[in-house]
Amino acid sequence: MDFNLKINKIVLLIVTLTLFKSVDSLCAQELQVTRERTFTGTALYGFMNGGSDLYLEYDFKELRALEVTYKGEQYTIEIYKMPTPEDAFGIYSLHTFRCSCVDTLSMFNCFSPYQMQAVIGDIYFSIVYENSAVRFKKEAVELLAIYSKGLERREPTFPAEISTINPVSGRVKYIRGKLALVNGAPGLCSLLEGVSDYKLWVAEKGLNNRNLAVIYLKNSNHLTLLKDILPASSIVSCDEDCIRFEF
Amino acid sequence: MERRDFFKVVSMTGAAMAINPVLKAAEGSSLLFGADAIETNIADAVKIPRVKESMPGLYPGRVIKVVDQKSVVDGKPQEEAAYRMLSEAMLSLTGEKKLKKAWRQFVGPKDIIGLKVNPVAGKLLTTSHAVTKSVIKQLEEAGIPRENIVIWDRREMQLHETGYTQENYPGITITGTECQDAEGGFYDKQGKLHSESRIDKSQFFYADLDGVYDDYTIPYMVNGGKNSYFTKICTERVTKIINLPILKNAGPTTTLCLKNLSFGAITNTSRLHKLWHETCAYICAFPPLRDKVVLNIVDGLVGCFDGGPSAKPQFICNYNMLLVGSDPVAVDRVGHDVIIKKRIENGIQKEDLQKSSRFIDLAQELKLGVGDRDKISVTEKII
């Protein structure tokens, strides 16, 4: 771990420990909302057009999109309400890439040079800043504390095989449909062609340095089909509605 | 029969769609997957005689790739570099020695020229002002009056949000199909969408997919049903179009020239994401685009390799590149390969999936350009 990353982690840890207990002390006058919009259901097309389809696959509910000035700097905050914590984690998991300071805030979170993402309960947060300096990351955490105040913090329920993975962000994906599959686990596209109505958890580099997939299927015919297609050696275990396999 | 009259006949008769021959979409799909065949009116478009400007234009199968590693500084595209890159590309594409002559192969002083930019991903990933301003500067130097230039996209409000404003572009028209009034409302006093007056109901793409929208969504779609109408910006306002997409992905596929034109020029689009590849190709085969788009300049100074078509900072990168050609299909093929290479380098995917560029194959079948790699001539210029 390089020195800067260590410093980042320490700073963010201190911020986290103090911040979420004292949100009220954050200086409200230092926060100015310059623009706020709300997009409900399929009106998300009005915000991101074709990009919406991925969110709608997870039954996206509502987006609150804010542009704010905080302590003199500009931030773009997107707050996505999803139907369940699993869905919030799912859409988040598709957007994590080369994260630093992963899961350091007592929640699922991911920092990249110009963005912080997090999941709290059924909400997926994205906060974008214009500078990669650590001060902007710290202030993004403060903004997260402000906008997540009072939210229920129920965590997604992971399959048992995946619940031991730590950290989770960047290593686990939750997939509910074709677009998410193409984005999150393209290697499984061929296998799942024709299979629908599933919930798929994918953990990277699990046991034996192989990827693990846990797929829940409603249709028993699809379950049988998958069992037939998958090499027996790759199947870890099966239940009535679920197959666990390595790939 | 005039082309315009033909469309009128089609639209006046409700039964016309049932009588007119339709092509079955070979493999209805989203970004990769097939779906049941879906009827469209692409056969109607194909029948309309082509004109000399029709796609692929003056240089079929020819693409100029210009790279300047200094074209982006601190994340900001540089106008001076963009101007230089564009000059190189235009001279190389046309074989002219003078920039003015190069531009005049495509446009003249009497043309009303629409610059189709792409602001949909917001400020982080819009067609850069460095490139747009360079195009405008070179058009003016080629004798095109400033008042003959129109910057357009589907959503006027997104143009404004991304800096395409009168303040930044004095004397140039900035317009979109979907629009709001000064108070931010979508409707006039009669309860009619402002956008409705900006669409041409005589020219449309029919697909047997019903767009059904709630009150929140309809302002962004303009209409529901099975028709997607062309914007009057294309059918009436401009005589030539210069296409300025961004080098970006949409999942494992790419959204470049054809996507920027097709989804930007029509209404009622969300239903068409189920028919993504067909829509990208088919819409461009209709005269308002096929016969007016003379040049494609892909802004790859800044682009993305994942997270598209939205802008996700972690996937935004500097390609430091412009791709230029009259042939949108050839340009799309070259751009597609650039993005997929980047995705593979970054471990996003392991190989190019043939299905992911099906829109290019479809466009080639419709004779909109050259999609086969071995038939495309790429000239690479490094500054």
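Since the structure is predicted, the reported quantities are computational estimates derived from the model, not experimental observations. A note on names: the letters A, B, ... follow the listed sequences, proteins ahead of strands, and every chain is numbered from 1.
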Problem set entry | A:Asp228 atom CG, over 12 foreign heavy atoms within 6.0 Å |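 Yes.
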Problem set entry | Neighbour count >12 (heavy atoms, 6.0 Å) for atom CD, B:Glu345 | yes
For this session: Taking all non-hydrogen atoms of both residues into account, name the closest pair between B:Gly251 and A:Asn183 and its distance.
Result: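 Residues B:Gly251 and A:Asn183, closest heavy atoms: CA-OD1, 3.5 Å.
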Side chain, backbone, both or neither: which part of [X] has an atom under 4.5 Å from a heavy atom of chain A?
| X | value |
| --- | --- |
| B:Tyr216 | both |
| B:Asp74 | neither |
| B:Thr269 | side chain |
| B:Lys259 | neither |
| B:Ile316 | neither |
| B:Phe263 | neither |
| B:Met221 | side chain |
| B:Glu351 | neither |

For this session: Output yes when B:Glu161 and A:Arg37 qualify as a salt bridge under the 4.0 Å nitrogen-oxygen rule, no when they do not.
Result: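 Yes, charged N to carboxylate O under 4.0 Å.
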Problem set entry | Residue among A:Gly46, A:Ser112, A:Pro186, A:Gly51 with most heavy-atom pairs under 4.5 Å to chain B |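 With the most close heavy-atom pairs to chain B, the winner is A:Gly46.
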For this session: Specify whether B:Phe305 and A:Phe97 have parallel, tilted or perpendicular ring planes, treating 30° as the upper limit for parallel and 60° as the lower limit for perpendicular.
Result: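 Rings of B:Phe305 and A:Phe97: perpendicular, over 60°.
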Part of [X] within contact of chain B (heavy atom distance under 4.5 Å):
| X | result |
| --- | --- |
| A:Tyr129 | neither |
| A:Phe47 | backbone |
| A:Glu130 | neither |

Exercise. With a 4.5 Å heavy-atom cut-off, do B:Lys123 and A:Glu67 have their side chains touching?
Worked result: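 Contact flag for B:Lys123/A:Glu67 side chains = yes.
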Exercise. Are any non-hydrogen side-chain atoms of A:Asn49 and B:Arg155 less than 4.5 angstrom apart?
Worked result: yes
Separation of [Y] [atom2] from [X] [atom1] (nearest 0.5 Å):
| X | Y | atom1 | atom2 | result |
| --- | --- | --- | --- | --- |
| A:Leu94 | B:Asp306 | CG | CG | 9.0 Å |
| A:Phe39 | B:Thr217 | CZ | OG1 | 10.5 Å |
| B:Leu124 | A:Thr76 | CG | OG1 | 6.5 Å |

Problem set entry | Greatest number of heavy atom pairs closer than 4.5 Å to chain A - which of B:Pro309, B:Ser270, B:Gly75, B:Ser310 | B:Ser270
Exercise. Sub-3.5 Å donor-acceptor pair from the side chain of B:Gln314 to the main-chain atoms of A:His95, do we have one?
Worked result: yes
